[in-house]
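Working notes for the structure below.
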Amino acid sequence: MWLAAMQLISGRTWQDNRERIAAELASLPGERPLLVLLPENFALFGERQGYLDGAEPLGNGPIQQQLSDWAKSHGIWLVAGAMPTAIAGADHIHTSTLVFDPDGELKGHYHKIHLFDVDVADNHGRYRESETFSPGDQPVLVDSPFGPLGLSICYDLRFPELYRQLARAGARVLLVPAAFTAVTGEAHWEPLLRARAIENQCYVVAANQGGTHETGRQTWGHSMVIDPWGRVLACRASGQGTVLAPLDGALIDELKRTMPVLQHARLL
């Protein structure tokens, strides 16, 4: 079993981003079963109106149809890191992770819980996701051949209680699609990812945006796959590309047997 994180430098339009993703998928090796995680904003990376205009109803729309077709044609589990999904009758939208199986079926979805309303010392400066997006309210696991997949998006990474809930519910792989900024990424990206892997004894697959975008925003890259001991198995520092690493289910089982941290936890 193999886990892959695709790193992109996405632009404003789905047409251009679709070509970038198609090129990466075409270059995938033949290992199967294979899970491929796309980064946050893989389809649209721009400003508020672009997300509102491009939002699709969950389960319907050209972006979702293309994702389904890719999963089926390549025979992969394709996890759409985060894309805008519409909320009926609302002026806000969700940013959502969608999981497609090799038959192209949508097996589950997750709406981002923690919204990035912060000030960052970069050339963008002010981030207010709550002006566009409504938060989700439920942790989500999706069953798969790799074990239960724990879903999260970007800023969620700073909230360990989410991942502990996912681990307690049985997660074996934690997925972290992101558009981490260059400033926050350099300081915190890898330490947070490795901590989530170690403390929950799960594999972590983290797909980040990785460069300077049309809007001038700068993202950190360093997409990676981390094992439950906290070892970085594969990483791409910057630019477009896909990193790949094997999943060893026996390692998860051994760590849970020899160091049963979830059983020992006393503060819930």
Side-chain angles (χ1 to χ4, degrees), residues 4-28 34-74 76-86 93-100 104 106 109-112 116 124 127 129 132-133 151-155 175-182 185 205-224 236-244:
M6 184 183 297
Q7 186 163 287
L8 300 170
I9 308 174
S10 296
R12 290 185 173 92
T13 69
W14 167 233
Q15 290 75 16
D16 289 342
N17 296 329
R18 182 176 56 196
E19 297 306 312
R20 296 182 177 101
I21 297 166
E24 286 299 311
L25 291 174
S27 67
L28 288 173
L34 172 63
L35 181 150
V36 179
L37 175 65
L38 306 181
E40 185 180 28
N41 298 333
F42 68 89
L44 304 163
F45 198 120
E47 306 299 343
R48 181 176 191 271
Q49 195 59 49
Y51 297 130
L52 294 173
D53 292 343
E56 297 183 352
L58 190 64
N60 184 40
I63 298 174
Q64 292 170 82
Q65 184 60 58
Q66 180 64 83
L67 293 166
S68 173
D69 292 346
W70 277 332
K72 189 172 184 178
S73 64
H74 291 282
I76 59 175
W77 283 77
L78 182 61
V79 182
M83 60 171 285
T85 59
I93 58 178
H94 285 307
T95 183
S96 308
T97 297
L98 283 65
V99 180
F100 294 87
L106 179 62
H109 68 274
Y110 163 74
H111 301 312
K112 186 177 185 178
F116 193 55
H124 190 81
Y127 297 83
E129 285 188 337
T132 305
F133 300 101
L151 306 185
S152 67
I153 300 171
C154 200
Y155 191 48
L175 303 179
V176 189
F180 245 66
T181 71
V205 185
N208 200 20
Q209 295 280 348
T212 301
H213 300 262
E214 294 174 15
T215 61
R217 284 181 58 176
Q218 295 176 310
T219 47
W220 176 239
H222 293 81
S223 298
M224 60 184 69
R236 183 179 182 87
S238 62
Q240 180 171 311
T242 302
V243 296
L244 187 79

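Heavy atoms only: backbone and side chains are in, while hydrogens, waters and symmetry mates are out.
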Contact summary for [X] and [Y], nearest pair of heavy atoms:
X: Val176; Y: Leu37; answer: N-CD2, 3.8 Å
X: Leu78; Y: Ala71; answer: CB-CB, 4.0 Å
X: Gly59; Y: Leu106; answer: CA-CD2, 4.4 Å
X: Ala182; Y: Trp220; answer: O-CE3, 3.7 Å
X: Ala179; Y: Asn41; answer: CB-ND2, 4.1 Å
X: Leu67; Y: Ala80; answer: CD1-CB, 3.6 Å

Side chains of [X] and [Y] in contact at under 4.5 Å (non-hydrogen atoms):
X: Glu19; Y: Gln15; result: no
X: Leu244; Y: Leu34; result: yes
X: Thr85; Y: His111; result: yes
X: Trp14; Y: Ile21; result: yes
X: Thr132; Y: Ile93; result: yes
X: Leu35; Y: Leu175; result: yes
X: Thr181; Y: Thr219; result: no
X: Leu25; Y: Ile76; result: yes

Contacts of Glu129 that satisfy salt bridge (charged side-chain N to carboxylate O under 4.0 Å, His left out) - sequence neighbours left out: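 Lys112.
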Please report the interatomic distance [atom1]([X]) to [atom2]([Y]), rounded to the nearest 0.5 Å.
X: Tyr110; Y: His94; atom1: OH; atom2: NE2; result: 11.0 Å
X: Arg20; Y: Leu8; atom1: CZ; atom2: CG; result: 8.0 Å
X: Ile63; Y: Glu56; atom1: CD1; atom2: CD; result: 4.5 Å

Working for side chain to side chain contact (heavy atoms under 4.5 Å, CB included), residues Phe45 and Glu214: CA-CA 9 Å; Phe45 198 120; Glu214 294 174 15; over 6 Å; no
Thr95/Met83 under side chain to side chain contact (heavy atoms under 4.5 Å, CB included): CA gap, chis, key distance, verdict: CA-CA 5 Å; Thr95 183; Met83 60 171 285; over 6 Å; no
Worked verdict on Leu28 versus Val36 for side chain to side chain contact (heavy atoms under 4.5 Å, CB included): CA-CA 10 Å; Leu28 288 173; Val36 179; 4.0 Å; yes
Given Val205, Ile153, Asn208, Val79, the one that forms side-chain contact (heavy atoms from CB on, under 4.5 Å) with Pro177: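 That would be Ile153.
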Cut-off 3.5 Å, side chains only: do [X] and [Y] have a donor facing an acceptor?
X: His109; Y: Ser96; value: no
X: His213; Y: Ser10; value: no
X: Gln7; Y: Gln209; value: no
X: Asn60; Y: Gln64; value: no

Ring pair (Phe, Tyr, Trp, His ring centres under 6.0 Å) partners for Phe100, two or more places apart: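 Applying ring pair (Phe, Tyr, Trp, His ring centres under 6.0 Å) to Phe100 gives none.
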For Phe42, all residues meeting ring pair (Phe, Tyr, Trp, His ring centres under 6.0 Å), sequence neighbours excluded: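 Not a single residue meets the ring pair (Phe, Tyr, Trp, His ring centres under 6.0 Å) criterion with Phe42.
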CA sep, side-chain torsions, deciding dist, call: Tyr51, Phe133, side chain to side chain contact (heavy atoms under 4.5 Å, CB included): CA-CA 9 Å; Tyr51 297 130; Phe133 300 101; 4.0 Å; yes
Any donor-acceptor N/O pair, Ser223 side chain to Arg236 backbone, under 3.5 Å: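 Not confirmed, Ser223 side chain does not pair with Arg236 backbone.
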Phe116 and Tyr127 aromatic ring geometry - parallel, tilted or perpendicular at 30°/60° bounds: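 Plane angle between 30° and 60°, so tilted.
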